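Let me begin by presenting the structure, written as structure tokens, before commenting on it.
Please read these numbers as outputs of a predicted model, since none were measured by experiment. These numbers come from the heavy atoms of this one structure, side chains and all, not from hydrogens, waters or symmetry mates.
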Amino acid sequence: MWIETAKDSLLIAGRIVTIFPLMLMVGLFMGKRSLGELPVFDFLVILSLGSVVGADIAEPDVNHIHMGIAIVLIGLLQRVVSVLTIKSRKFGRMVSFEPTVVVHQGNLLVNNLKKSRYSIDNILQMLREKDVFHLADVEFAVLEANGKLTVYKKSPKSAPTLEDLGLVKRQSDLSYSLVVEGTVYKDTLSYIKKDTLWLESQLQEMGVRQEDIFYASVDDNGAIYISDKTFVNPPPIRH
């Protein structure tokens with residue numbers, strides 16, 4: 001029995017030695033696009049290659065030649081699809097996602113978030129990864145086809161201001177989630193040493209009802225920023 005086990009082990013080792021150079025050649029043939037951006041189709045290609053290689057290595061009874069042919073064909077398919085995507089924009093839109101504007105002029109676009117199946121928390125996290133901690137600083141943010149967020153910040157004032165000269169204390173660029181889809185974050189109120197009565201009075205002065213707020217934040221100075229969920233026309237973004 002141990003002889004058969006040893007044979008299977010040698011067979012698996014031989015497959016690993018031969019399959020990885022083949023994978024390397026196919027990966028180089030497919031190009032950077034298959035490894036960098038990973039659009040939907042390329043993601044499926046990577047999953048398929050992983051499944052084929054895993055079956056080839058783990059199952060000695062599987063025909064090794066057939067697995068090699070499958071890997072080559074998958075690589076060729078990916079290459080053909082990438083060429084067609086470049087030559088035909090219509091075909092490219094069929095096998096990938098269009099960029100989606102999710103923030104415009106400091107406002108979260110509710111409908112676009114729902115269509116993309118991203119939550120407020122997802123977008124806020126991705127903004128923080130771009131060193132953006134205040135929604136009001138964003139002119140627009142685009143959710144790209146590969147799931148990454150591209151952020152264009154609002155342009156600074158062209159002329160020097162008192163803030164630039166250091167004569168006036170700059171407003172804090174940090175803000176904290178205060179109201180999300182009508183729900184108040186009481187721990188945020190506690191952190192800035194405020195209570196619900198203060199929030200109600202602030203919202204009343206602004207003429208806004210709590211239940212109508214999609215997203216609101218507050219900074220250390222108690223300044224409240226509300227993302228208006230009314231319809232706005234974001235700039236058209238295409239591939």
When rounded to the nearest 0.5 Å, the distance separating OG1 of Thr150 from CE of Met126 is 9.0 Å

Closest heavy-atom pair, Lys153 versus Val132, reported as atoms and distance to 0.1 Å, is CE-CG2, 3.4 Å

If you round to the nearest 0.5 Å, how far is CG of Leu124 from CZ of Phe133?
-> 11.0 Å

Nearest heavy-atom contact between Val138 and Lys154 is O-CE, 3.6 Å

Determine, stepwise, if the pair Ile192 / Trp198 fulfils side chain to side chain contact (heavy atoms under 4.5 Å, CB included).
-> CA-CA 11 Å; Ile192 62 173; Trp198 171 84; 4.2 Å; yes

Side-chain contact test, heavy atoms from C-beta onward, threshold under 4.5 Å: evaluate it for Thr100 versus Lys115 and give yes or no.
-> no

Euclidean distance, Lys130 NZ relative to Asp137 CG, rounded to 0.5 Å | 15.5 Å

Would a 4.5 Å heavy-atom cut-off, applied to side chains only, mark Leu108 and Phe214 as touching?
-> yes

How close do Ile224 and Leu199 get, heavy atom to heavy atom, and via which atoms?
-> CD1-CD1, 3.8 Å

Side-chain H-bond candidate by donor/acceptor type, Ser119 with Asn122, under 3.5 Å | yes

Can you sort out the partners of Thr183 under side-chain hydrogen bond (donor to acceptor under 3.5 Å, both in side chains), two or more places apart, ordered by chain and number?
-> none

Considering residues, nucleotides and ligands other than Gln204, do more than 12 of their heavy atoms fall under 6.0 Å from its CD?
-> no

Taking all non-hydrogen atoms of both residues into account, name the closest pair between Asp219 and Asn221 and its distance.
-> OD1-N, 2.9 Å

Nearest-0.5 Å distance, CG of residue Leu135 to CD of residue Gln105 | 12.0 Å

Taking a hydrophobic cluster as the set of Ile, Leu, Val, Met, Phe, Trp and Tyr residues connected by side-chain heavy atoms closer than 4.5 Å, whether directly or through intermediates, do Leu197 and Ile213 fall within one such cluster?
-> no

What residues, two or more places apart in sequence or in another chain, satisfy side-chain hydrogen bond (donor to acceptor under 3.5 Å, both in side chains) together with Tyr118?
-> none

Residue pair His134 / Ser217: nearest heavy atoms and the distance that separates them | CE1-OG, 4.1 Å

